[in-house]
Amino acid sequence: MIRIIAWGIGILVIAIFMADGVFLTPTYLQPWQKSYSKQFADPRIKLVACGLLAANGHNMQPWKIYLDKDKNVFYLFADSSRLTPMVDTDARQTMIAQGTFLEYVRVAANYIGYKATYVLFPEGEYDENNLIKSMQDKPVAKVTISTIDSSKNDLYKYIFQADTNRWAYENNKLTDEELQQLLNISSSKNEKISIFQDEKNKKNLDGYALRGAEIESSIHRISKESEYVFKKNEYEKNKYRYGFSVEGQGITGIKKHIVQGLLTLFPFINNEKYVTDMYVKTVKNEVAHTPAYGLIITENNSRAEQVKSGMLYSHIVLKAHSLGLVVQPMSQVLEEYPEMKEEYNKIHKDYASNENTIQMFFRIGKPVAEFPRSMRRDIMNLIKKSSFGD
């Protein structure tokens with residue numbers, strides 16, 4: 001009987017690892033290697049490969065690149081096939097992701113000896129009544145690169161760290177110097193950074209973070225959208241290279257492969273109620289171990305301001321990393337579907353004024369450990385063969 005049980009356990013373990021694809025090389029992580037961008041001769045592709053690592057909602061990586069006939073120019077488009085309309089009803093998060101991409105490109109360009117300059121919406125802003133077609137027809141940005149003396153930008157190396165850390169943070173407030181360096185990032189009156197670490201505001205923002213997560217996780221259509229972009233094993237992660245995975249829950253090492261194998265063999269384990277309960281439990285742990293919160297507030301909610309707020313957020317991420325800090329978006333309460341309207345209005349009443357818009361809500365602090373990196377696509381899948389306008 002003992003032998004039979006042992007054989008059974010052994011067969012199950014083998015089945016779990018085979019179902020997961022534990023033996024596969026994780027090609028979905030290759031873009032995180034510094035050597036990845038360096039393999040390309042075209043400096044524009046080098047820079048785009050760095051932009052690929054930027055933060056983006058649902059890890060959809062909603063970017064398309066058209067290389068211009070002028071070898072110093074490329075165009076960034078929002079990829080309308082990579083929207084998440086249930087959670088991002090107005091594509092605001094998608095536009096923020098365009099900005100996070102552009103800032104990584106700027107930092108990388110400066111490091112390798114180029115200056116990247118942008119013209120936002122060079123063909124005009126979107127027709128909001130025909131948004132999908134506008135995204136297909138109109139670039140978010142025209143990017144022009146010119147040669148300069150390399151400054152060895154001190155933020156460049158932090159591009160290769162995970163942009164988000166969902167684990168507990170140390171219970172230490174930011175120092176005055178750290179706080180000032182982060183607040184000084186914004187020099188525009190149109191985009192404002194606020195950071196709160198006093199007990200009153202922290203408790204208030206704890207509540208918004210938790211209620212936003214509870215509301216989002218309770219909506220069936222949003223759960224189905226998240227389920228659709230979840231990649232449950234190494235086969236799927238290598239094939240698709242975008243979306244959610246167990247690493248996003250901080251599951252690593254051998255445990256990751258066991259969980260993925262089990263989810264593949266027994267998908268009913270990952271039912272909607274279990275996922276909801278685990279998500280809310282995780283957020284409760286996050287807010288319990290958060291020393292400070294940050295907000296990015298813009299004067300208006302134009303598409304250009306959304307993009308600029310994404311650029312600002314990427315700068316915050318990189319500067320935070322340089323200070324030994326990490327960040328995590330907690331922006332569920334800023335989502336614009338009907339069920340979130342009450343909390344959305346409340347947080348804006350508390351922290352925004354004069355019809356300003358809170359674009360990003362994030363936690364910030366010193367990490368207890370490095371967080372695993374998420375999937376990234378093959379850069380050549382972002383680049384379109386024809387030039388814009390051809």
Side-chain angles (χ1 to χ4, degrees), residues 32 53-59 96 100 155 157-186 193-214 216-217 244-253 255-256 278-297 312-334 347 350-351 358-374:
W32 289 101
L53 304 179
N56 61 100
H58 274 50
N59 193 26
I96 289 173
T100 62
L155 296 181
K157 62 183 178 182
Y158 301 107
I159 285 175
F160 302 95
Q161 290 185 14
D163 53 85
T164 299
N165 189 312
R166 294 184 173 86
W167 279 338
Y169 300 165
E170 293 180 7
N171 190 29
N172 299 318
K173 291 183 177 181
L174 277 62
T175 66
D176 290 343
E177 181 180 354
E178 290 168 343
L179 191 61
Q180 202 56 53
Q181 287 198 48
L182 291 165
L183 293 175
N184 285 344
I185 291 172
S186 177
I193 302 170
S194 297
I195 296 177
F196 303 93
Q197 49 187 357
D198 63 283
E199 287 305 313
K200 179 180 178 181
N201 279 301
K202 203 180 84 63
K203 184 177 180 181
N204 197 34
L205 291 165
D206 281 346
Y208 281 122
L210 185 54
R211 289 193 297 275
E214 290 172 339
E216 182 189 86
S217 63
F244 296 142
S245 65
V246 299
E247 287 98 328
Q249 301 168 34
I251 300 174
T252 60
K255 184 178 179 181
K256 176 186 77 171
M278 284 298 296
Y279 175 55
V280 173
K281 181 180 178 181
T282 298
V283 175
K284 285 181 178 178
N285 183 63
E286 290 165 355
V287 300
H289 297 89
T290 296
Y293 288 104
L295 301 174
I296 295 177
I297 303 171
L312 186 56
Y313 180 70
S314 268
H315 200 149
I316 291 170
V317 169
L318 297 176
K319 176 57 75 172
H321 289 170
S322 75
L323 297 171
L325 305 170
V326 291
V327 298
Q328 176 194 351
M330 306 292 284
S331 293
Q332 287 79 9
V333 73
L334 305 180
I347 194 172
D350 284 350
Y351 293 100
I358 305 173
Q359 300 288 357
M360 291 294 296
F361 170 28
F362 56 93
R363 60 193 286 254
I364 183 167
K366 191 172 291 292
V368 297
E370 184 179 356
F371 202 77
R373 292 163 178 79
S374 54

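For the pair Ala168 and Val368, the tightest heavy-atom approach, listed with the atom from each and the gap, is O-CG2, 3.3 Å. For the residue pair Ala292 and Ile195, the shortest heavy atom distance occurs at CB-CG2, 4.3 Å. Nearest heavy atom pair, residue Arg363 against residue Asn165, reads NH1-O, 3.5 Å. What you find for Ile96 and Gln359 is that their closest heavy atoms are CD1-O, 3.5 Å. The shortest non-hydrogen separation linking Tyr169 to Gly365 is CD1-N, 3.5 Å. Nearest heavy atoms, Val333 versus Ile347: CG1-CD1, 3.7 Å.
With a 4.5 Å cut-off on side-chain heavy atoms, Val327 and Thr164 do not count as touching. Ile185 has its side chain within reach of Ile193: a pair of non-hydrogen atoms, C-beta onward, lies under 4.5 Å apart. Arg373 places none of its side-chain heavy atoms less than 4.5 Å from the side chain of Leu53. Looking only at side-chain heavy atoms (C-beta outward), Lys284 and Leu210 come within less than 4.5 Å of each other. Gln197 is not listed as a side-chain neighbour of Tyr293, based on a closest heavy-atom distance of 4.5 Å or more. Side-chain contact between Val246 and Thr252: absent, with no pair of heavy atoms (C-beta onward) separated by less than 4.5 Å. The side-chain heavy atoms of Gln161 and Glu370, taken from C-beta on, include no pair separated by under 4.5 Å. In this structure, Tyr313 and Pro329 have side chains that are in contact, with non-hydrogen atoms separated by less than 4.5 Å.
Proximity of a side-chain donor or acceptor of Ser322 to a complementary backbone N or O of Leu155 within less than 3.5 Å is not detected. Under a 3.5 Å cut-off, the side chain of Asn56 and the backbone N or O of Ala54 do form a donor-acceptor pair.
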Apply the test side-chain contact (heavy atoms from CB on, under 4.5 Å) to residues Leu295 and Phe362: give CA-CA distance (whole Å), side-chain angles for both, the deciding distance (0.1 Å), then the verdict. CA-CA 6 Å; Leu295 301 174; Phe362 56 93; 5.8 Å; no
Worked verdict on Met330 versus Val283 for side-chain contact (heavy atoms from CB on, under 4.5 Å): CA-CA 9 Å; Met330 306 292 284; Val283 175; 4.2 Å; yes
Apply the test side-chain contact (heavy atoms from CB on, under 4.5 Å) to residues Leu182 and Ile364: give CA-CA distance (whole Å), side-chain angles for both, the deciding distance (0.1 Å), then the verdict. CA-CA 11 Å; Leu182 291 165; Ile364 183 167; 3.6 Å; yes
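In this structure, the separation between CZ on Phe371 and CD on Glu247 is 9.0 Å, given to the nearest 0.5 Å. Note that CD of Gln181 is 10.0 Å distant from CG of Leu325, once rounded to the nearest 0.5 Å. One finds the CG atom of Leu312 at 5.0 Å from the OG atom of Ser186 (value rounded to the nearest 0.5 Å). Rounding to the nearest 0.5 Å places NE2 of His321 at 13.0 Å from NZ of Lys319. Of the inter-residue distances, the one linking Leu318 atom CG with Leu323 atom CG reads 11.0 Å to the nearest 0.5 angstrom. Trp167 contributes atom CH2, which lies 12.5 Å from atom CD of Gln328 (distance to the nearest 0.5 angstrom).
You'll find the ring centres of Phe160 and Trp32 outside the 6.0 Å limit. Between Tyr351 and Phe361, the distance from one ring center to the other does not fall under 6.0 angstrom.
Judged by the 6.0 Å and 45° rule, Arg211 forms a cation-pi pair with Tyr208.
For residues 160-182, the set of pairs meeting the salt bridge (Lys or Arg N to Asp or Glu O under 4.0 Å) definition, not counting sequence neighbours, comprises Asp163-Arg376.
Within 6.0 Å of CG on Asp350 lie more than 12 heavy atoms contributed by other residues, nucleotides or ligands.
Partners of Lys202 under the salt bridge (Lys or Arg N to Asp or Glu O under 4.0 Å) rule, at least two apart in sequence or in another chain, are Asp206.
With hydrogens and angles left out, the side-chain atoms of Asn201 and Asn204 include no donor and acceptor closer than 3.5 Å.
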